[in-house]
2 protein chains.
Amino acid sequence: MPTQATENYLKALYSLHLKNPEISLTELGQRLGVSKPTVNEMIKRLEKEGWVMYERYKPISLTEEGKKMAALVIRKHRLSEMFLSDIMGFGWEEVHQIAEQIEHLKSDIFFDRMDEMLGFPTSDPHGSPIPDREGNMIKNNYKTLSQIKEGETVELKALRSSDKEFLMYLNKKEISLGVEIKVNNIEVFDNSFTVSYGEQVNVVLSQAVAAKLLVEVIK
Amino acid sequence: MPTQATENYLKALYSLHLKNPEISLTELGQRLGVSKPTVNEMIKRLEKEGWVMYERYKPISLTEEGKKMAALVIRKHRLSEMFLSDIMGFGWEEVHQIAEQIEHLKSDIFFDRMDEMLGFPTSDPHGSPIPDREGNMIKNNYKTLSQIKEGETVELKALRSSDKEFLMYLNKKEISLGVEIKVNNIEVFDNSFTVSYGEQVNVVLSQAVAAKLLVEVIK
DNA sequence: TTTATTTGTTAGGTTACCCTAACTTTATAT
DNA sequence: ATATAAAGTTAGGGTAACCTAACAAATAAA
């Protein structure tokens with residue numbers, strides 16, 4: 001059974017591998033906030049345990065086992081977030097930190113019960129997909145708001161970040177999942193978006209924000 | 001912040017100290033399933049960190065800090081049990097094992113929210129008292145059923161064990177907290193009890209079982 | 001293509017837990 | 001009161017994570 005550290009390495013590897021299946025030791029270290037020699041040592045352990053493939057000086061890649069295990073940890077994380085939000089009433093800006101700990105609990109019945117109470121959800125409070133029991137994750141290919149053209153209307157489906165500060169910013173702006181956003185204007189010089197949604201008219205969203213909002217065009 | 005191992009040592013020390021404030025290294029080791037040298041080393045660490053008082057060859061005792069910390073871990077454990085039982089619908093025989101892990105989560109808001117959702121309970125699904133936020137625990141002085149005289153009627157208030165096998169035995173016998181038990185007969189030679197409760201008439205409970213049922217005389 | 005930079009590795013340490021084997025101290029029993 | 005048993009300690013090891021400093025290999029730039 002994987003240790004907590006192992007699970008955290010696998011999660012990090014999983015999310016890095018989605019962008020690029022060839023993962024460097026350095027970027028993994030940065031992601032996890034540990035030194036390169038630590039990653040180097042740890043990766044050898046993970047290799048010995050069958051989670052990753054690794055040869056010295058070559059990039060790291062996940063084995064099928066590793067991918068599955070990672071997805072199952074992500075599953076536990078996202079189910080926990082959903083539970084904290086929908087059952088316990090926490091705000092979407094609070095759930096990540098707590099789920100970060102809950103995800104390491106070893107109890108299938110506990111997570112199965114969560115799943116059941118939630119009605120077998122397929123996405124978490126930030127719109128990210130919840131892998132199934134076998135570790136299969138649906139990948140939604142939403143666009144970012146920053147890719148949308150003037151005049152189009154979109155629905156907010158998910159977020160690219162679960163960062164607390166970002167989520168609190170969205171709270172302040174009264175932006176939540178499902179909201180319909182109309183792009184009124186795009187400034188050429190800074191790519192900032194002027195949008196309307198709900199009760200809000202002509203709100204300005206920076207390029208940084210627009211790039212973190214995952215949307216689907218509705219008209 | 002205490003590690004998980006530290007929290008487990010403190011919990012064990014706390015429950016041992018209730019019977020005898022002078023705790024031996026050996027019994028602590030047995031309770032935790034670790035060797036004497038391991039306990040010896042660990043106790044030195046706990047002493048350095050201010051959780052216990054210790055001098056070589058002398059019995060171990062908890063400091064005030066240690067007692068409070070232990071009680072707070074027990075609080076988290078029992079709140080978790082209550083949550084698993086009342087909110088998530090687990091049986092009282094399932095909750096201990098899961099709570100054993102949840103108790104180590106570091107998140108005050110998480111346990112506060114549990115507490116709130118449960119309506120600030122004062123005891124867990126096995127009738128054990130839940131310490132308050134300051135670490136104060138009420139000690140109930142219930143009698144065991146084995147101390148009750150023939151003809152008396154008692155109410156089952158708590159259990160002396162949260163052992164899964166024991167709880168499943170109680171389930172089978174349809175014995176739950178709050179049930180009124182009338183002692184019909186006590187066998188002299190083996191101290192077994194013949195009792196009636198609910199729909200059940202003249203059920204025989206062994207001395208071993210009777211000693212684990214904590215009751216209050218009602219008539 | 002040689003240099004500079006980035007990336008990865010080695011060597012040597014640390015802390016928190018855990019172990020067995022062997023020994024010493026304290027407590028118990030005769 | 002001495003022998004024996006129980007309790008506690010020391011010595012020596014192990015693993016999983018972490019670290020810094022110094023060096024080597026691979027990649028990118030001049």
Side-chain angles (χ1 to χ4, degrees), chain A residues 1-13 16-17 19-62 65-66 69-70 73 100-101 103-106, chain B residues 1-13 16-17 19-62 65-66 69-70 73 100-101 103-106:
Chain A
M1 208 167 275
T3 65
Q4 266 182 235
T6 296
E7 292 189 340
N8 287 334
Y9 275 76
L10 291 178
K11 265 200 310 172
L13 283 163
L16 291 173
H17 108 115
K19 289 173 188 169
N20 180 357
E22 313 246 292
I23 305 153
S24 82
L25 232 146
T26 306
E27 65 181 329
L28 180 55
Q30 269 157 4
R31 168 68 67 106
L32 291 165
V34 297
S35 70
K36 288 187 290 171
T38 297
V39 178
N40 187 264
E41 187 190 14
M42 189 66 174
I43 274 307
K44 286 175 191 162
R45 237 200 302 278
L46 297 184
E47 203 269 325
K48 206 171 56 189
E49 290 165 359
W51 306 116
V52 303
M53 286 173 288
Y54 187 62
E55 282 171 82
R56 33 209 320 283
Y57 297 108
K58 297 270 169 64
I60 310 157
S61 62
L62 281 163
E65 291 278 280
M69 188 68 238
V73 177
E100 206 65 16
Q101 299 183 60
E103 70 187 8
H104 299 296
L105 300 185
K106 309 295 194 219
Chain B
M1 207 167 277
T3 65
Q4 267 183 233
T6 295
E7 292 188 340
N8 287 334
Y9 275 77
L10 291 177
K11 264 201 309 172
L13 283 162
L16 291 173
H17 108 115
K19 291 174 185 168
N20 182 357
E22 314 245 291
I23 304 152
S24 82
L25 233 146
T26 307
E27 63 182 331
L28 180 55
Q30 270 157 3
R31 170 66 69 106
L32 291 165
V34 297
S35 71
K36 288 186 290 174
T38 297
V39 178
N40 187 263
E41 187 188 14
M42 191 66 175
I43 276 305
K44 286 175 191 161
R45 235 198 306 274
L46 297 184
E47 203 269 324
K48 206 171 56 190
E49 289 164 359
W51 307 115
V52 303
M53 286 174 287
Y54 188 62
E55 283 171 81
R56 37 212 315 285
Y57 297 109
K58 297 270 169 63
I60 310 156
S61 62
L62 282 162
E65 292 277 282
M69 189 67 237
V73 177
E100 206 65 18
Q101 300 182 60
E103 71 188 8
H104 300 296
L105 300 185
K106 310 292 194 217

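Naming convention: chains lettered A, B, ... in sequence-line order (proteins, then strands); numbering from 1 in each chain. Just so you know, these numbers use all the heavy atoms, side chains as well, and skip hydrogens, waters and symmetry mates. This structure is a prediction, so every number in the text was calculated from the model and none was measured.
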Protein-nucleic acid N or O pairs under 3.5 Å, nucleotides 11-13 of chain D:
none

To the nearest 0.5 Å, atom OG1 of T26(A) lies from atom CZ of R31(A) at 14.0 Å
Sorted by chain and residue number, the salt bridge (Lys or Arg N to Asp or Glu O under 4.0 Å) partners of E100(B) (sequence neighbours excluded) come out as K11(B)
Practice item. Would you mind classifying the nucleic acid contact of T38(B) as base, sugar-phosphate or nothing, using non-hydrogen atoms under 4.0 angstrom? Key: base
Rounded to the nearest 0.5 angstrom, the CD-CD1 distance for E41(A) and I43(A) is 11.5 Å
| message | Below the 4.0 Å mark, does dA16(C) have OP1 or OP2 next to a side-chain nitrogen or oxygen of Y9(B)? | response | no
Under 3.5 Å between N/O atoms: give me all the protein pairs with nucleotides 25-27 of chain C, atom names plus distance.
none

> Hey, is the side chain of T3(B) poking within less than 4.0 Å of OP1 or OP2 on dC17(C), counting only N and O atoms?
Replying inline: yes
Quiz item: How is K44(A) classified with respect to the nucleic acid when contacts are heavy atoms under 4.0 Å: base, sugar-phosphate, or nothing?
Solution: sugar-phosphate
Between CE of M42(B) and C1' of dC18(C) the distance, given in whole Å, is 10 Å
Contacts of R45(B) and V39(B) projected onto DNA chain C by closest heavy atom; the upstream (5') one is R45(B)
What donor-acceptor contacts under 3.5 angstrom involve side-chain atoms of residues 49-59 of chain A, with partners at least two apart or in another chain?
{"unit_1": "E49(A)", "atom_1": "OE1", "unit_2": "W51(A)", "atom_2": "NE1", "d": "3.4"}

In whole angstroms, the gap separating P of dG8(C) from CD of E47(A) amounts to 16 Å
Of the candidates dA16(D), dC19(D), dA7(D), the side chain of K36(B) sits closest to dA7(D)
Winner on side-chain proximity to T26(B), out of dG8(D), dC17(C), dG8(C), is dG8(D)
dist L32(A):CG -> N8(A):CG (nearest 0.5 Å) comes out at 7.0 Å
With sequence neighbours left out, the residues meeting ring-ring contact (aromatic ring centres under 6.0 Å, His included) with H17(B) are Y14(B)
Between CG of L10(B) and P of dA16(C) the distance, given in whole Å, is 15 Å
Of all heavy-atom pairs linking S61(B) and P21(B), the shortest is CB-O, 3.7 Å
When rounded to whole Å, the CD to P distance for the pair Q30(A) and dG8(C) reads 10 Å
Here DNA chain D, pairs taken as Watson-Crick or G-U under 3.5 Å and shown with ( ), [ ] when crossing and | when to another strand, reads ||||||||||||||||||||||||||||||
Between CD of E22(A) and C1' of dA26(D) the distance, given in whole Å, is 15 Å
Base, sugar-phosphate, or nothing: which does S35(A) touch, judged by heavy atoms less than 4.0 Å apart?
base
L25(A) atom CG is separated from dA26(D) atom P, nearest whole Å, by 14 Å
Winner on side-chain proximity to E49(B), out of dT10(D), dC18(C), dA16(C), is dA16(C)
Distance col, row E7(B):CD vs M1(B):CE, nearest 0.5 angstrom, shows 9.0 Å
Q. So, do V34(B) and L28(B) sit near enough that their side-chain heavy atoms are less than 4.5 Å apart?
A. no
Nearest heavy-atom approach of S35(A) to T38(A) is OG-OG1, 2.9 Å
Counting any heavy atom closer than 4.0 Å, what does G33(A) reach on the DNA or RNA strands: base, sugar-phosphate only, or nothing?
sugar-phosphate
Per atom distances to the S24(A) side chain, the nearest of dC18(D), dG8(C), dT10(D) is dG8(C)
Taken to the nearest whole Å, NE2/H104(B) to P/dC17(C) is 11 Å
So OG of S24(A) and NZ of K36(A): to nearest 0.5 Å the spacing works out to 9.5 Å
Whole-Å distance, K58(A) NZ to dA25(D) P, equals 14 Å
When rounded to the nearest 0.5 Å, the distance separating CZ of R45(A) from OG1 of T6(A) is 7.0 Å
Do the non-hydrogen side-chain atoms of I60(A) and L16(A) ever get within less than 4.5 Å of each other? no
